[in-house]
Amino acid sequence: AGAPLVNPKGYKLGTLCIYDMEPKELSEEQVTALVNMAKQAMIVMESHYQNLLLKQSQLDLIQRNKDLKKFAALVSHDLKSPISSIKNLASLIEDSSNGKLDNEIVDYIRMIKKSSLSLTNYIDGILDFYHSDELLSAKKQKLSVDKIKSELAALYSTELDLNLMYDTEMTDLEVNQGALMQIMINLCLLYTSDAADDLLGV
């Protein structure tokens, strides 16, 4: 006697069979028990299959995280090199000017240097964030809301009429700086992109 093994999608994958040396008639209780055993066997098989899928997904996720870390390190290096060159060039201009530059240009140079430093710190924060084994438990630090605002202001000091405002009673946040700055910069980029489109009539 046998009972079909049916998966959750309705496919019959096989049969759970019982046999004896002599033909016999199963009672109603035995038939019910055989059907229930087939269901239990299917549950075990399906659970084993799902575990295999989960293990494969975990392996894929581990590999993707490794690839992401390599990519983050590569991008970090490629970004920090030109930023460092910009900062050094600004310092060279400032040092070689011998006081011949007017105050406005000197202020621009200082803004360039300050923005370069902020970008470098931001990139380092992102790299640390992606090197964390657990993104949700990434290294956090206590930051003041004013500091976050000042760093953003330094990055966008020459942008199109970008006014950073916040309405909160909190003075400090315990967050991953790289992750937070990434979010805030993306929001500012979205705003400045829309503002530029409006200015150009796009």
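All of these numbers come straight from a predicted model, not from anything done at the bench.
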Novice: How far does CG of Leu34 sit from CD of Gln30, to the nearest 0.5 angstrom?
Specialist: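 Taking CG in Leu34 and CD in Gln30, the distance rounds to 9.5 Å.
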Novice: With a cut-off of 3.5 Å and sequence neighbours excluded, list every side-chain donor-acceptor pair involving residues 37-55.
Specialist:
{"unit_1": "Glu46", "atom_1": "OE2", "unit_2": "Gln50", "atom_2": "NE2", "d": "3.1"}
{"unit_1": "Asn51", "atom_1": "ND2", "unit_2": "Ser47", "atom_2": "O", "d": "3.3"}

Novice: Linking I/L/V/M/F/W/Y whenever their side-chain heavy atoms sit closer than 4.5 Å, directly or via other members, would Ile86 and Leu89 fall into one cluster?
Specialist: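 As far as the 4.5 Å side-chain criterion goes, Leu89 and Ile86 are not connected within one cluster.
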Novice: Under a 4.5 Å side-chain heavy-atom rule over Ile, Leu, Val, Met, Phe, Trp and Tyr, are Leu16 and Leu13 clustered together?
Specialist: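 Per the 4.5 Å side-chain linkage, Leu16 and Leu13 are co-clustered.
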Novice: Measure the spacing between CD of Glu29 and CG of Asn36 and express it to the nearest 0.5 Å.
Specialist: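 Separation between the atoms: 12.0 Å.
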Novice: Using the test side chain to side chain donor-acceptor pair (under 3.5 Å), find all partners of Gln56 that sit at least two apart in sequence or belong to another chain.
Specialist: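 Partners of Gln56 under the side chain to side chain donor-acceptor pair (under 3.5 Å) test: Asp60.
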Novice: Using the test side chain to side chain donor-acceptor pair (under 3.5 Å), find all partners of Gln63 that sit at least two apart in sequence or belong to another chain.
Specialist: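 Gln63 satisfies side chain to side chain donor-acceptor pair (under 3.5 Å) with Asp67 once adjacent residues are dropped.
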